[in-house]
Amino acid sequence: MKVASWNVNSVAARRDRLLAWLGKQQPDVLCLQELKAVDEAFPREAIEALGYQCAVHGQRTYNGVAVLAKSAIEDVRRNLDDGEPESDARLLSVRIGELRVICCYVPNGQTLASDKFSYKLRWLDRLHAYLQRHHDPSEPLLLCGDFNIAPEDRDCYDPEGLRDDVLMHESVRKKWRTLLSFGLVDSYRLHVSEPGKYSWWDYRMLGFPKGRGLRIDFVLATQTLAARCSSAAIDRDERKGKQPSDHAPVLASFELGPR
DNA sequence: ATGGTTGCTTAGCAA
């Protein structure tokens, strides 16, 4: 089973690239973030024509997440479901056979002093509580998405210079460690240990050509799945060429034969 | 050199 996560930065702007990538990579499951489109504007028919089912949680202008799958999607749940007022479409949870897939778009945080940053920290607390409330670490569960966190120095092109960046700050990394303490493993680091592997490069300041990236997109797996993870990759080539997203897709494959 | 890009929505915000 091939799983991928990709922040497309507008599903309308990335429509042709998305369809071409699906046709080429043929993932069994794809989590999308930053649709920047309402449900009605999602290119459902074109994606279904490629053999996928779609669960979409859209929003006008900002945010928006979706899960695509080659087999049946069931029990679709939206948002963090904790009674707090939520205007952002940032979380979508689905069941695909025995597997639970949660697609998330963690708030960026903008600047350390902003209200958006305290919202980010609180949102990560709420996500951890959501996992504890609805799930058990013994389940086959994947948490995929744009976490807007570079967990370690090897995930950043300039760890010293960006120590106080909202993607790097120790307060955010602490939330990351708490989140993974639920019982989640970063599938990419099961297979690749070297630094300099990134999933996002800023459009500004020639970020991609200069290699100024961070690894902030992940396929996280509970131990039962992590034990069956046979490969992981970042499709850096997808960041190249005309009108790319600022994020590259991240991939992980799992051997889920009869047990 | 304190900028720079992209996308959505139309001048300002978010990333």
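Worth saying up front: this structure is predicted, and the values here are computed from it rather than measured. Order of the sequence lines fixes the chain letters, A, B, ..., with proteins taken first and strands second; residue numbering starts at 1 for each chain.
Listed by chain and residue number, Asp155(A) satisfy the salt bridge (Lys or Arg N to Asp or Glu O under 4.0 Å) test with Arg189(A) (two or more places apart in sequence, or in another chain). Partners of Leu180(A) under the side-chain contact (heavy atoms from CB on, under 4.5 Å) rule, at least two apart in sequence or in another chain, are Trp176(A), Leu184(A), Leu220(A). For Phe182(A), there are no ring pair (Phe, Tyr, Trp, His ring centres under 6.0 Å) partners at least two apart in sequence or on another chain. Under the ring pair (Phe, Tyr, Trp, His ring centres under 6.0 Å) criterion, Tyr130(A) pairs with His134(A), not counting sequence neighbours.
dA1(B) and dA11(B): their C1' atoms are spaced 26 Å apart (whole Å). Nucleotides dT9(B) and dA15(B) have their P atoms positioned 15 Å apart, rounded to a whole Å. Look at the P atom in both dG3(B) and dC13(B): the space between them is 16 Å, to the nearest Å.
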Show me the side-chain donor-acceptor pairs of residues 36-45 of chain A shorter than 3.5 Å, one per line, residues at least two apart or across chains.
residue	atom	partner	partner atom	Å
Lys36(A)	NZ	Asn9(A)	OD1	2.9
Asp39(A)	OD1	Gly58(A)	N	2.6
Arg44(A)	NH1	Cys54(A)	O	3.2

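Considering Asp146(A), Leu124(A), Leu91(A) in turn, Leu124(A) is the only one that fulfils the side-chain contact (heavy atoms from CB on, under 4.5 Å) rule with Val106(A).
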Check: What one-letter contact string describes nucleotides 7-15 of chain B from 5' to 3', where B marks a base within less than 4.0 Å of any protein heavy atom, S marks contact via sugar-phosphate atoms alone, and - marks no contact?
Finding: SSS---BSB
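Here dT6(B) presents its C1' atom at 14 Å from CE of Met205(A), a figure rounded to the nearest Å.
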